[in-house]
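Have a look at the structure below, then the notes.
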Amino acid sequence: MTFNRVQAGRFARASLVGMLLSTASFSLIARAQAEEVVTFWHSMGAAHAPTLEALVAEFNAEHAGEIRVDPIFQGAYGDSLAKLTAAIQASATPTIVQVYEIGTTLMMDLDVAIPLQDVAADAGIDLTEILPAMSSYYTVGGKLQSLPFNASAPMFYYNKDAFRAAGLDPEQPPTTLAEVRDMAESLLIKNGDQVSQYGYVSSVDGWFVEQWFARGDQTYCGAGNGREGRANDVTWDNPVLHNILTFWHDIMDDGVGMNAGRVSGDAIAAFVSGRAATLILTSAPMRDIIERSEFEVGVANFPAPIENAQGSVFNGGASIWLLKDHAESEQAAALEFIKFLASADAQGKWSSGTGYIPTNIHAADTDAYKEIVATYPDFDKPRQQLATAAQSVASSGCLVGVLPQARPRLNEVIDSVLLGGDIQQAITEGQDAVNGLIANYNRSVGQ
């Protein structure tokens, strides 16, 4: 479904922003005649739902009689975004909605949300407490558009016991893909054609490629990753992607690596069972991975795709958007909830209960976070990786409206290469296909 700017404008009420900004206080005690209900659409499924529900319950208890947040699970990120576009047409949007990072440009083009930066100060939300590496992704046109909430980073997991058995130093994990390949060969255990331990496993996921682009200081799309203007193309045909695909093909083709397919859970299962000795995956399930493994798990930063890479990874996950076309008092109530979620205390509890990286710079000082790090020292490494990330155009991530379609198209490029297809041909065909999608999308929004 596409929207032009005239259609999107039907859902925009710029006057609401003005009303919010002119309000000196967001206190509901003085103005609310009844309990304000905030409808919150989210995509946190079974693994993370209990922690989210506990936070909502805590907030509702603190604001009993004034505000009640109603969290409603909408399925996976893509499903939720599709439901949102339908709700926009029906003028039945939630008050706030959680949207994954690659939906940022679409949310901007729909023009249905109030930039958080426009109302944060009056709502008492201190944006300087948000980790810069996270706020940079959602900052468009010089304004933070939404609240980074559940953040993750790509990490390298490894079996320290297997490292020791192979004569490798468990305190010296690989820092580049070339080193990953060398170590994986040492970790491979096979008897004839029977492999009892692969050296490497990961799910086939274009998100890793997006992160490798940033780590290699390579933009993913044009116009400075869409940060200097509207991107009209993706910039896939570069040495970084060639190197990534060569690594992925060779390590699988030689039988050193295990192809777990698209499902990250299958890659996790291979690693925690000892079927594979190293794993590249998001930081989000770190606690689960450590707790399920019967060996000592090591966690390290995401390896660089090329030698001497100067770039940094960026956050994955999702953010929370405040939507227009709702009563001023309802939006004020929603901002109270957003303020709560942005707090160090809430982020410490959220991170310790889920494995997501806390977005508040002070969350690491909370009791909940200190307790989990004391139990699992590596738990803090994803936060450290983002906290020390160098800020650049490449590490800010690409802004383009068709990223939800580009990622699966990149998966197809990877699949083609893993099946023996020509790397250059796969890249060219994939890039051309996505550039066509971008052109159609940009026309649909009047660009």
Side-chain angles (χ1 to χ4, degrees), residues 76-78 81 99-106 133-134 136-140 148 150-156 177 202-227 231 233-248 262 264 267 280-284 301-306 309-319 357 382 385-386 389-417 423 426-427 430-431 433-435 437-438 441:
Y77 291 132
L81 193 55
V99 178
Y100 60 169
E101 85 280 19
I102 57 177
T104 298
T105 300
L106 178 59
M134 297 178 186
S136 66
Y137 188 99
Y138 300 105
T139 297
V140 185
N150 55 302
S152 59
M155 304 300 293
F156 182 81
L177 288 183
S202 70
S203 54
V204 177
D205 192 339
W207 181 66
F208 299 134
V209 177
E210 295 167 32
Q211 294 287 349
W212 269 317
F213 270 45
R215 184 70 179 84
D217 204 26
Q218 169 66 54
T219 59
Y220 182 95
C221 59
N225 254 355
R227 305 284 173 172
D233 59 359
V234 288
T235 53
W236 291 358
D237 194 358
N238 61 71
V240 171
L241 184 53
H242 278 263
N243 203 58
I244 294 166
L245 294 177
T246 298
F247 160 81
W248 228 329
R262 297 244 199 279
S264 61
I280 282 180
L281 205 73
T282 172
S283 62
N301 286 353
F302 194 56
I306 55 176
Q310 300 299 311
S312 304
V313 299
F314 58 89
N315 62 280
S319 65
I357 304 168
Q385 183 177 209
L386 287 183
Q391 297 300 293
S392 68
V393 169
S395 65
S396 294
C398 166
L399 292 178
V400 67
V402 301
L403 266 180
Q405 293 76 44
R407 185 174 289 173
R409 187 65 185 83
L410 187 50
N411 289 343
E412 294 175 7
V413 171
I414 300 168
D415 282 341
S416 174
V417 172
I423 290 178
I427 292 174
Q431 181 171 268
V434 174
N435 287 345
L437 294 174
I438 293 174
Y441 175 89

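Note that the numbering runs from 1 along the sequence shown for the chain. All values reported here derive from a predicted model rather than from experimental measurement.
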Practice task
Would you mind reporting whether M155 and N301 have side-chain heavy atoms less than 4.5 Å apart?
Solution key: yes
Practice task
Check whether any side-chain heavy atom of L241 sits under 4.5 Å from a side-chain heavy atom of D237, and report yes or no.
Solution key: no
Completion exercise
So CD of Q405 and CG of L437: to nearest 0.5 Å the spacing works out to 6.5 Å
Exercise for the section: Just jot down the side-chain hydrogen bond (donor to acceptor under 3.5 Å, both in side chains) partners of E210, sequence neighbours excluded, or say none. Expected result: R407
Handout entry: Partner set under ring pair (Phe, Tyr, Trp, His ring centres under 6.0 Å) for Y220, not counting sequence neighbours
Key = F213, W236
Exercise for the section: Evaluate the side-chain proximity of R262 to D415: yes if any heavy-atom separation is below 4.5 Å, no if none is. Expected result: yes
Problem - Separation between CG of N411 and CH2 of W207, rounded to the nearest 0.5 Å - result: 13.0 Å
Completion exercise
For T104 and L399 the tightest heavy-atom approach is CG2-CD2, 4.0 Å
Completion exercise
Across all chains, not counting sequence neighbours, the side chain to side chain contact (heavy atoms under 4.5 Å, CB included) partners of V417 are L245, H249, I423, A426
Completion exercise
Rounded to the nearest 0.5 Å, the CD atom of Q211 sits from the OG atom of S312 at a distance of 10.5 Å
Practice task
Apply salt bridge (Lys or Arg N to Asp or Glu O under 4.0 Å) to D233 and list each qualifying residue two or more places apart in sequence or on a separate chain.
Solution key: none
Fill in the blank from the handout: ring pair (Phe, Tyr, Trp, His ring centres under 6.0 Å) filter on F314, not counting sequence neighbours, yields Y137
Handout entry: Residues that S264 engages under side chain to side chain contact (heavy atoms under 4.5 Å, CB included), provided they are two or more places apart
Key = S203, L281
Exercise for the section: Sequence neighbours left out, what passes side chain to side chain contact (heavy atoms under 4.5 Å, CB included) with I306? Give chain and number order. Expected result: V240, N243, A309
Problem - Partner set under salt bridge (Lys or Arg N to Asp or Glu O under 4.0 Å) for R409, not counting sequence neighbours - result: E412
Handout entry: side chain to side chain contact (heavy atoms under 4.5 Å, CB included) between L403 and T105, worked out
Key = CA-CA 9 Å; L403 266 180; T105 300; over 6 Å; no
Exercise for the section: Can you sort out the partners of T139 under side-chain hydrogen bond (donor to acceptor under 3.5 Å, both in side chains), two or more places apart, ordered by chain and number? Expected result: none
Handout entry: Rounded distance (nearest 0.5 Å) linking atom OG1 of T235 with atom CD of Q431
Key = 7.5 Å
Problem - Closest non-hydrogen atom pair between V234 and N435, with its separation - result: N-OD1, 2.8 Å
Problem - D217 and S392: CA distance, side-chain angles, deciding distance, side chain to side chain contact (heavy atoms under 4.5 Å, CB included) verdict - result: CA-CA 8 Å; D217 204 26; S392 68; 3.6 Å; yes
Exercise for the section: Taking ring pair (Phe, Tyr, Trp, His ring centres under 6.0 Å) as the test, write out the residues that go with W248, two or more places apart. Expected result: W212
Handout entry: Nearest heavy atoms of G226 and C221, plus distance in Å
Key = N-SG, 3.8 Å
Fill in the blank from the handout: In short, L81 meets G103 closest at the heavy-atom pair CD2-CA, 4.3 Å
Practice task
Go through the steps to decide whether Y77 and I102 satisfy the test side chain to side chain contact (heavy atoms under 4.5 Å, CB included), and finish with yes or no.
Solution key: CA-CA 10 Å; Y77 291 132; I102 57 177; over 6 Å; no
Exercise for the section: Drop me the distance from L410's CG to I427's CD1, to the nearest 0.5 angstrom. Expected result: 9.0 Å
Problem - Nearest-0.5 Å distance that lies between atom CD1 in I414 and atom CD1 in I244 - result: 8.5 Å
Problem - Sequence-distant partners of S152, side-chain hydrogen bond (donor to acceptor under 3.5 Å, both in side chains), two or more places apart - result: T282
Handout entry: Taking every non-hydrogen atom, the tightest pair across A214 and V313
Key = CB-CA, 4.4 Å
Practice task
State, yes or no, whether a side-chain contact exists between N315 and I357 at a heavy-atom distance under 4.5 Å.
Solution key: no
Exercise for the section: List for me each residue that meets side chain to side chain contact (heavy atoms under 4.5 Å, CB included) alongside Q310, sequence neighbours excluded, and say none if there are none. Expected result: none
Practice task
Identify the heavy atoms of E101 and Y138 that sit nearest to each other, and give their distance.
Solution key: CB-OH, 3.3 Å
